[in-house]
Amino acid sequence: MSKEIASRKEDYSQWYNDLIIKGGLADYSAVRGCMVIKPYGFALWENMRDVLDKMFKDTGHQNAYFPLFVPKSLFEKEEQNAEGFAKECAVVTHYRLKLNPEKKGSLMVDPESKLEEELVIRPTSEAIIWSTYKGWIQSYRDLPLLINQWANVVRWEMRTRLFLRTAEFLWQEGHTAHATAAEAIAETKQMLEVYATFAEEFMAMPVIKGVKTPNERFAGAVDTYCIEALMQDGKALQAGTSHFLGQNFAKAFDVKFSDKENKLDYVWATSWGVSTRLIGALVMAHSDDDGLVLPPKLAPIQVVIVPIYKGDEQKKAIDEKVSELVKELKGAGVKVKYDDNENARPGWKFAEYELKGVPLRIGIGARDLANNVVEVARRDTKEKKSYPMEGLTQSITDLLNEIQKSIYEKAYSFREQNVTKADTWDEFVQLLDEKTGFISAHWDGTGETEDKIKELTKATIRCIPLDNPQEEGRCILTGKLSKERVLFARAY
RNA sequence: CGGGACGUAGCGCAGCCCGGUAGCGUACUAGCAUGGGGUGCUAGGGGUCGCAAGUUCGAAUCUUGUCGUCCCGACCA
């Protein structure tokens, strides 16, 4: 074993780091808190991006691009938003360097180049976008305005983790403007559905849709909807958010429109986003102690073919058979790689592609050629089986679908087993320490209680599930009356 | 920002306590054998020991400073 990875049981966060680094998704960089996304990891992101982008366009959105820099005076206009992000903003104060006269060969910030107004590097783009929308919206005829952008943002986090929380990350952010509150709320919910569908159907990761409590709300939002996923260590991960912004940003940036009766009103807004954090979620949702397990619908390589041979003659015969097979598989839309690299031996390749999470591996050698079969190994179950050459493409596409379904079901049943009800404080604390996962419990609805619980247990309210059953009960901390349960968990 | 660990070949590490020719594994290069689960043997190439100053005849090793990284916490839409 040349690439050892930690086991989940022995060191979960080391296991996670090992998968990312040794699986070739990303690398540490020269910049504190920032990572390099390597080709294999970026291919995964491109696949996610392509699917989401199509879903956004199918729901009527268009892409655009806004600047990385936000003048401080714009950034501070929506007070809650500005306050919420103030502590984690990188700020540009100068625009020039010069040679340092005191130290040969080094540069210094030229004090003469101080900017008149500082530029905030966007931690999110509401400010720059709404200052722009002001000029684009005059009439109800300009609405709805449905725009998305694919971009990078910077949040100067104290502690970073590969993909889950980096100082710079890639994401998409949708920013829409509507004539009525109802329409904006419908948009917010629609995009939450898009995210949930993406998570479940493509990432094979079950999520709980819900709404955040006021404490956990996006700074400047009226309501924050979210999808929450459960990781294998029992911690929750916020996988996507969709915000109903009310008229907060319209008022802050003075974006008004004339309705049909020629009355002026502020527009109603939404914003929604998912980020490269989803890659972290994907890694933790399905992978095992041998490496990544990727869902076929997003895997950069769906099938890898490994030849097993002695001598050039056998290799040649295999090459011929494989080239037919590759052609057929590609024709069926399968992303296939033939790894005939002479420098690595079969066993090495087997381990390598398992580490990289390739859903299916086809092994083909002289023995198989003689019998007109191949050996197919599933990454998720480690099952190996011989398949006849005839109809192989069909078998492969069936298997890929089967894997997609099967890893979803596995993750779903894990999630179901880890949503537990707690009715007393002792039960709640015990569950958090021993079983972890989501805990469904009554809460008195106050921010103070929520803070207190967080302080005592590090658990936060992940969400109030949509379509939550109404049920009389008493708050686990204060014993006050409550009309529904909410989901608590320790979270990333 | 607090606590901990660390910085020596691409990667993973030993050497440091007790100063004296910079080493191991892996990767890399070449050759032969091998090839159905991370090959074996042989021969090679590669390092201003994070950076700076100090002590010393002599510093990877001792002293001081400094920079950076990771982990745990605090913080975090």
Side-chain angles (χ1 to χ4, degrees), chain A residues 1-6 11-14 16-18 21-22 27-35 80-89 103 106 122-126 153 155-162 164-167 169 171 173 212-221 223-226 228 237-243 245 271-275 277 290-291 306-312 314-315 318 340-355 361-371 373-375 377 382 384 386 454-455 458 460 462-463 491-492:
Chain A
M1 287 282 218
S2 64
K3 286 188 181 174
E4 294 266 359
I5 58 178
D11 189 342
Y12 191 85
S13 77
Q14 188 59 47
Y16 175 78
N17 284 336
D18 284 349
I21 301 292
K22 293 175 180 167
D27 214 344
Y28 294 111
S29 75
V31 188
R32 175 199 183 87
C34 296
M35 63 176 177
Q80 285 183 27
N81 189 253
E83 253 186 67
F85 284 102
K87 291 177 305 230
E88 46 188 299
C89 287
K103 200 177 169 200
S106 78
R122 62 180 169 213
T124 180
S125 301
E126 274 80 1
V153 289
R155 296 182 187 178
W156 213 262
E157 303 283 358
M158 289 191 210
R159 191 174 158 229
T160 57
R161 308 192 68 179
L162 294 168
L164 295 176
R165 182 172 290 106
T166 46
F169 57 93
W171 78 344
E173 45 183 326
K212 290 285 187 191
T213 61
N215 275 11
E216 298 280 325
R217 222 174 252 158
F218 175 71
D223 260 322
T224 288
Y225 294 83
C226 62
E228 293 283 330
L237 184 106
Q238 177 177 300
T241 46
S242 183
H243 315 290
L245 303 174
S271 70
W272 28 274
V274 295
S275 71
R277 177 180 238 205
D290 294 319
V306 178
I308 299 146
Y309 56 91
K310 297 180 203 178
D312 290 346
Q314 284 190 5
K315 172 73 172 21
I318 293 169
D340 64 345
N341 178 4
E342 308 249 359
N343 298 323
R345 302 172 29 124
W348 191 90
K349 291 177 186 172
F350 293 172
E352 182 66 14
Y353 290 106
E354 269 161 23
L355 175 57
R361 183 186 74 234
I362 297 179
I364 178 164
R367 215 159 70 196
D368 303 301
L369 280 188
N371 296 323
V373 297
V374 294
E375 182 188 73
K382 295 294 191 66
K384 284 194 277 197
S386 263
K454 185 177 177 182
E455 194 191 310
K458 289 179 207 158
T460 50
R462 302 318 303 156
C463 69
Y492 277 99

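Values reported hereafter were calculated over all heavy atoms of this structure, with side chains retained and with hydrogens, waters and symmetry mates removed. Residue numbers start from 1 in every chain, and the chains themselves are labelled A, B, ... in the order their sequence lines are given, proteins ahead of strands.
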### Query
Is there a Watson-Crick or G-U wobble partner for U29(B) with both distances under 3.5 Å, and which nucleotide is it?
A43(B)
### Query
When you measure from the side chain of T224(A) to the backbone N and O of F218(A), does any donor-acceptor pair fall under 3.5 Å?
yes
### Query
Would you say E157(A)'s side chain and R165(A)'s backbone share a donor-acceptor pair under 3.5 angstrom?
no
### 5' priority, RNA chain B, between G84(A) and E354(A) [closest heavy atom]
E354(A)
### Query
For atom C1', what is the distance between U61(B) and G50(B), given to the nearest Å?
16 Å
### Query
Using a cut-off of 4.0 Å on non-hydrogen atoms, how would the nucleic acid contact of F169(A) be classed: base, sugar-phosphate, or nothing?
base
### Message
Could you check whether any side-chain N or O of K22(A) sits under 3.5 Å from a backbone N or O of G291(A), counting only pairs where one atom can act as donor and the other as acceptor?
### Response
no
### Query
Given atom CG of N215(A) and atom P of C75(B), what is their separation to the nearest angstrom?
13 Å
### Query
Expressed in whole Å, how much space separates the C1' atoms belonging to C71(B) and G15(B)?
25 Å
### Distance test, side-chain N/O of N17(A) to OP1/OP2 of C70(B), below 4.0 Å
no
### Query
Within the side chain of R277(A), is there an N or O that forms a donor-acceptor pair under 3.5 Å with the backbone of L164(A)?
yes
### Message
Let's test this: given Watson-Crick or G-U wobble pairing with both distances under 3.5 Å, identify the partner of G54(B).
### Response
C62(B)
### Query
Of the candidate nucleotides G38(B), C76(B), G73(B), which contains the atom at the shortest distance from the side chain of E352(A)?
G38(B)
### Task
Identify the nucleotide, in any strand shown, that forms a Watson-Crick or G-U wobble pair with G37(B), with both distances under 3.5 Å; if there is none, say none.
none
### Message
Judged by each residue's nearest nucleotide on RNA chain B, which is more toward the 5′ side, R361(A) or S13(A)?
### Response
R361(A)
### Message
Please give the distance between the P atoms of C41(B) and A27(B) as a whole number of Å.
### Response
12 Å
### Message
From CG of L162(A) over to P of C70(B), roughly how many Å is that when rounded to an integer?
### Response
8 Å
### Task
Determine which nucleotide pairs with C49(B), using a 3.5 Å limit on both distances of a Watson-Crick or G-U wobble pair.
none
### Query
Whole Å only: how far is the CG atom of D18(A) from the P atom of C70(B)?
14 Å
### Whole angstrom value for the distance that separates P of C71(B) from OH of Y28(A)
5 Å
### Query
Nearest heavy-atom pair of P307(A) and I318(A): which atoms, and what distance?
CB-CG2, 3.8 Å
### Task
Name all residues meeting the side-chain contact (heavy atoms from CB on, under 4.5 Å) criterion together with V373(A); count only those two or more places apart in sequence or in a different chain, and write none if there are none.
D368(A), N371(A), S386(A)
### Message
With rounding to the closest Å, how many angstrom separate the C1' atoms on U26(B) and A14(B)?
### Response
14 Å
### Query
In chain order, what residues pass the ring pair (Phe, Tyr, Trp, His ring centres under 6.0 Å) check against F350(A), with sequence neighbours excluded?
none
### Query
What is the minimum heavy-atom distance between A221(A) and H243(A), and which atoms define it?
CB-CB, 4.0 Å
### Query
Given the C1' atoms of C62(B) and C49(B), what is the spacing between them in whole Å?
16 Å
### Task
Starting from C1' on C70(B), measure out to CE on M35(A) and report it in whole angstrom.
16 Å
#### Entry: For G23(B), the Watson-Crick or wobble counterpart (both distances under 3.5 Å)
C13(B)
### Donor-acceptor contact present, side-chain Q314(A) to main-chain K310(A), <3.5 Å
yes
### Task
Could you state the atom-to-atom distance from CH2 of W156(A) to P of C76(B) in whole Å?
19 Å
### Atom P, compared across A60(B) and G19(B): separation rounded to whole Å
14 Å
#### Entry: Complement of G2(B), any strand, by Watson-Crick or G-U distances under 3.5 angstrom
C72(B)
### Query
Can you name the side chain to side chain donor-acceptor pair (under 3.5 Å) partners of T460(A), sequence neighbours left out?
R462(A)
### Message
Heavy atoms only, 4.0 Å cut-off, all strands: where does R165(A) land among base, sugar-phosphate and nothing?
### Response
base
### Query
Separation of N343(A) atom CG from G38(B) atom P, in whole Å?
17 Å
Every protein N/O lying under 3.5 Å from an N/O of nucleotides 32-36 of chain B:
| unit_1 | atom_1 | unit_2 | atom_2 | d |
| --- | --- | --- | --- | --- |
| U34(B) | O2 | R345(A) | NH1 | 2.7 |
| G35(B) | O2' | Y309(A) | O | 3.2 |
| G36(B) | OP1 | R345(A) | NH2 | 3.2 |
| G36(B) | N7 | R367(A) | NH1 | 3.3 |
| G36(B) | O6 | R367(A) | N | 3.1 |
| G36(B) | O6 | D368(A) | N | 3.2 |
| G36(B) | O6 | D368(A) | OD2 | 3.1 |
| G36(B) | N1 | D368(A) | OD2 | 2.3 |
| G36(B) | N2 | D368(A) | OD2 | 3.2 |

### Query
Taking only residues two or more places apart in sequence, or in another chain, which ones meet T213(A) in a side-chain contact (heavy atoms from CB on, under 4.5 Å)?
N215(A), E216(A), W443(A), E450(A), I461(A), I464(A)
### Task
Can you tell me, in whole Å, how much space there is between the P of U34(B) and that of U39(B)?
16 Å
### Message
Can you check the distance between U8(B) and C16(B), where both ends of the measurement are the C1' atom (answer in whole Å)?
### Response
11 Å
## Note on the structure
Of all heavy-atom pairs linking I21(A) and L162(A), the shortest is CD1-CD1, 3.8 Å
### Task
State which of G38(B), G37(B), C76(B) makes the closest approach to the side chain of W348(A).
G38(B)
### Footprint string (nucleotides 1-7 of chain B, 5' to 3'): B base within contact, S backbone only, - free, heavy atoms under 4.0 Å
-------
### Query
Taking atom C1' of C70(B) as reference, at what distance in whole Å does atom CG of D27(A) sit?
14 Å
### Task
Measure from the side chain of K384(A), starting at C-beta and using heavy atoms only, and say which of G37(B), A74(B), C76(B) lies closest.
G37(B)
